[in-house]
Amino acid sequence: MQKKPQNEILEKIVSLAKRRGFVFQSSEIYGGLNGCWDYGPLGVELLKNIKEEWWKAMTFREDVEGLDASILMHPRVWEASGHVDSFTDPMIDCKSCKARFRLDVLGELINEKKKHKAVEELKLKFTDNPGWKDKFETVIQNAEKINGAVDEFSAAIEDSELNAILLSEVNCPQCGNKNTFTPARQFNLMFKTFIGPVEDSGAVVYLRPETAQGIFVNFLNVQSSARQKLPFGIAQIGKAFRNEINTKNFLFRTREFEQMEMQYFVNPVKDKEWYDYWKSERLNWFISLGMTKNKLRYHDHPVNKLAHYAKEATDIEYHFPFGWGEIEGIHNRTNFDLSRHEEFSGKSLKYFDEELKEKYIPYIIETSAGASRSFMAFLIDAYYEEEVNNEMRSVLKFHPKLAPIKAAILPLVNKDGMPEIARSIEKELRKRFKVFYDDKGAIGRRYRRMDEAGTPFSITVDTQTLSDQTVTIRERDSMNQIRISIDKISAYLNDIIFSD
RNA sequence: GCGGGAAUAGCUCAGCUGGUAGAGCGCAACCUUGCCAAGGUUGAUGUCGCGGGUUCGAGUCCCGUUUCCCGCUCCA
């Protein structure tokens, strides 16, 4: 992969996104906010259409119910889910070789002698800093309580004050240099905030790092109120927040993003069957909306790399200009989540299976798509530069269902009553479609403007319209035109856009 | 978080060794029009990313900072 073309493509997309009103940088007039983006007039339509198609595909069926859970949830939810523990690993970097280490595993990379020596160095400093001695003893006691074994180094290195001395005494496991570590930094990937005006620890809540937990905790509410039997699913679209260490690649890694998740509850013995079903179903969804087939692939997670909750996992990846990137994950989450919520809430989340006459905690097959990532993939995938009559044409070949604007209405020239007819067509079409009226400049220029916005149809009122009430409809990708009578436009568009 | 590059009009970019900002495209108005961005006339727009410093004078030199891109790292 060469660097330059990649840059060019992504930068072209970013520039087009801004120029045409798909995506703007957040708080741009203040210099921007790292990794945050706003959706402009065309962007919000595209995003909304993606979500709408997803919603139809996932919930317009008997066995899936919708849900919109609150972003703020009880803090215990995130203890049960494992996010509180696993989102808070302190990290350090070696300034010399740029290696990064999790503080809690650094001890494993250093030999015992060195660790012992570092601890002794620390103890020597106690005379100057009496407070450290108390701290040290407390840390050791806590470590003893938790796992019995006392590795003084590993216990002390978790303390934000004591570890500074330890880190200055040990060499980097990778490059061997001494005194090259940055101070330990806490990477808490959950955004923390407070309920109510008092900012004390009892009031801490988190912005959800995934929408899934809102589904899990509502499992029985939805199941009983909708009178569902297993297998069935719960679908939800919503924002999630992760305080990522660094953002990257335009919309790909951002701190605020939107998920389209569906959690499917199944009998544990049927998990494989349903996992395979959703795996294929979800890939086909992207293809059905026009995404290039050979730019999509599965990336199956090897068993040893699976997340703590997963039994089987695959990513649907899109080939972005910067490489393959995940746009959706399909996971077999087993009964991990519901079991944990049972444990932490003390409420039973078991399901009574009428057929089998037994009670069990369902397994969950998760399909978790990134709305923002899908947006970016659909946008990039639709972008083409073509040569037409020795001129460059840039065009967004969105599937008509996703196109922000469905049709443009254009009077060929601004006279002879053409604008009036065009306006009346516009008024009629607006009842059903997002349309756009444009009478500025030459007709060719207007077509090209619509190409760049991804509008699939351009309806032109011309001289012939005046005598026989027909218009031309120009199709974006082929640039072919057909002639159709005015009263048939609406049905024609509807058939093409919403047919399967 | 580290390293590298970049930031000048809506977009793409020019602006030399410091001397009070330019082009093309786009945009707006009017005229013209007869189906694929190239007709005419007129017009608007920038505290040159932000903050300091050096200087008589900074888009230009120095320091800091923010944002974007690339590479590491991270991605529970």
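Here is the naming used below: chain letters follow the sequence lines, and residue numbers restart at 1 for every chain. Everything quoted here is computed from the prediction, not taken from an experiment.
Between the P atom of B:rC75 and the CD atom of A:E326 lies a distance of 14 Å, rounded to the nearest Å. Rounded to an integer number of Å, the gap from A:R445 CZ to B:rU33 C1' is 13 Å. Distance CG (A:D462) to C1' (B:rC35): 8 Å, rounded to an integer number of Å. Between A:R446 atom CZ and B:rG26 atom P there is a gap of 15 Å when expressed in whole angstrom units. Taking atom NE2 of A:H83 as the reference point, atom P of B:rC75 lies 13 Å away to the nearest angstrom. For A:F24 and B:rC68, the CZ to P distance is 16 Å, given to the nearest whole Å. Rounded to whole angstrom, the span from the CZ atom of A:R255 across to the P atom of B:rC74 amounts to 17 Å. The separation between A:M450 atom CE and B:rC35 atom C1' is 16 Å, rounded to whole Å.
For B:rG71, the OP1/OP2 oxygens have a side-chain nitrogen or oxygen of A:K248 closer than 4.0 Å. The phosphate of B:rC70 (OP1 or OP2) has a side-chain N or O of A:N249 nearer than 4.0 angstrom. Residue A:K440 places no side-chain N or O under 4.0 Å from the OP1 or OP2 atom of B:rC27. Within the 4.0 Å cut-off from OP1 or OP2 of B:rC27, at least one side-chain nitrogen or oxygen of A:R449 is found.
Rounded to whole Å, the C1' atom of B:rC56 lies 47 Å from the corresponding atom of B:rC72. With C1' as the reference atom, B:rU55 and B:rG3 are 33 Å apart, rounded to whole Å. Using atom C1' as the reference point in both B:rA14 and B:rG59, the two lie 12 Å apart (nearest Å). Of the P atoms belonging to B:rC69 and B:rC36, the separation is 39 Å, rounded to the nearest Å. Using C1' as the reference atom, B:rA29 and B:rA44 are 11 Å apart when rounded to the nearest Å. The P atoms of B:rU32 and B:rG40 are separated by 15 Å, rounded to the nearest whole Å. Using C1' as the reference atom, B:rU12 and B:rG26 are 11 Å apart when rounded to the nearest Å. Rounded to whole Å, the separation between the C1' atoms of B:rC35 and B:rA23 comes to 31 Å.
When both distances must be under 3.5 Å, the Watson-Crick or G-U wobble mate of B:rA6 is B:rU67. If you check B:rU55 for Watson-Crick or wobble pairing at under 3.5 angstrom, you find it has no partner at all. Both distances falling under 3.5 Å, in either a Watson-Crick or a G-U wobble arrangement, place B:rG24 opposite B:rC11. With a 3.5 Å ceiling on both atom-pair distances, B:rC35 lacks any Watson-Crick or G-U wobble partner. B:rC74 makes up no base pair with any nucleotide shown, lacking Watson-Crick or G-U wobble contacts both under 3.5 Å.
Taking the six-membered ring for Trp and the full ring otherwise, A:Y363 and A:F265 have centroids separated by 6.0 Å or more.
As judged by a 4.0 angstrom heavy-atom cut-off over every strand, A:E210 is placed among the base-contacting residues. Looking at heavy-atom distances under 4.0 Å, A:S15 makes contact with sugar-phosphate atoms alone, never a base. Counting non-hydrogen atoms under 4.0 angstrom, A:S458 reaches nothing in the nucleic acid. Note on A:Q25: only backbone sugar-phosphate atoms sit closer than 4.0 angstrom, heavy atoms only; bases stay farther off. Residue-level contact check: A:D416 touches the bases, meaning some heavy atom is under 4.0 Å from a base atom. Nucleic acid contact class of A:G325 (heavy atoms, under 4.0 Å, all strands): none. Residue-level contact check: A:F250 touches the backbone only, with heavy atoms under 4.0 Å from sugar-phosphate atoms and none from bases. Using a 4.0 Å heavy-atom cutoff across all strands shown, A:K415 reaches at least one base atom of the nucleic acid.
In this structure, of B:rC68, B:rA37, B:rC35, it is B:rC68 that holds the atom nearest to the side chain of A:N34. Comparing B:rC68, B:rC35, B:rA76 against the side chain of A:R242 picks out B:rA76 as the nearest. Considering only side-chain atoms of A:R253, the nucleotide from B:rC75, B:rU33, B:rC11 that sits closest is B:rC75. Closest to the side chain of A:S394, from the set B:rA37, B:rA76, B:rC11, is B:rA37. You'll find that the side chain of A:W37 is closest to B:rC69, out of B:rA38, B:rC36, B:rC69.
If you run side chain to side chain contact (heavy atoms under 4.5 Å, CB included) between A:T367 and each of A:H331, A:R282, A:Q263, only A:R282 comes through. With A:M450 as the fixed residue, the side chain to side chain contact (heavy atoms under 4.5 Å, CB included) test singles out one of A:T455, A:L396, A:V395: A:T455. With respect to A:F252, the ring-ring contact (aromatic ring centres under 6.0 Å, His included) criterion is satisfied by exactly one of A:F322, A:F375, A:W324: A:F322.
In the model, A:R483 has a side-chain atom that pairs as donor or acceptor with a side-chain atom of A:T470 under 3.5 Å. At a cut-off of 3.5 Å, with distance as the only test, a side-chain donor of A:H341 or A:Q213 sits close to an acceptor on the other residue. No hydrogens or angles considered: nothing links the side chains of A:Q469 and A:S485 as a donor-acceptor pair under 3.5 Å.
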Intermediate values then yes/no, ring-ring contact (aromatic ring centres under 6.0 Å, His included), A:Y318 and A:F286: CA-CA 10 Å; A:Y318 178 77; A:F286 288 102; 8.8 Å; no
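Atom CD1 of residue A:I421 and atom CG of residue A:L466 lie 5.0 Å apart, to the nearest 0.5 angstrom.
Mapping A:V14 and A:L412 onto RNA chain B via the closest heavy atom, the residue that lands nearer the 5' end is A:L412. Mapping A:G35 and A:K18 onto RNA chain B by nearest heavy atom places A:K18 at the nucleotide closer to the 5' end.
Judged by atom type and distance alone, A:Y30 does not reach the base of B:rC50 through any side-chain donor-acceptor pair under 3.5 Å. Counting atom types as modelled, A:R474 pairs no side-chain N or O with a base atom of B:rC35 as donor and acceptor under 3.5 Å.
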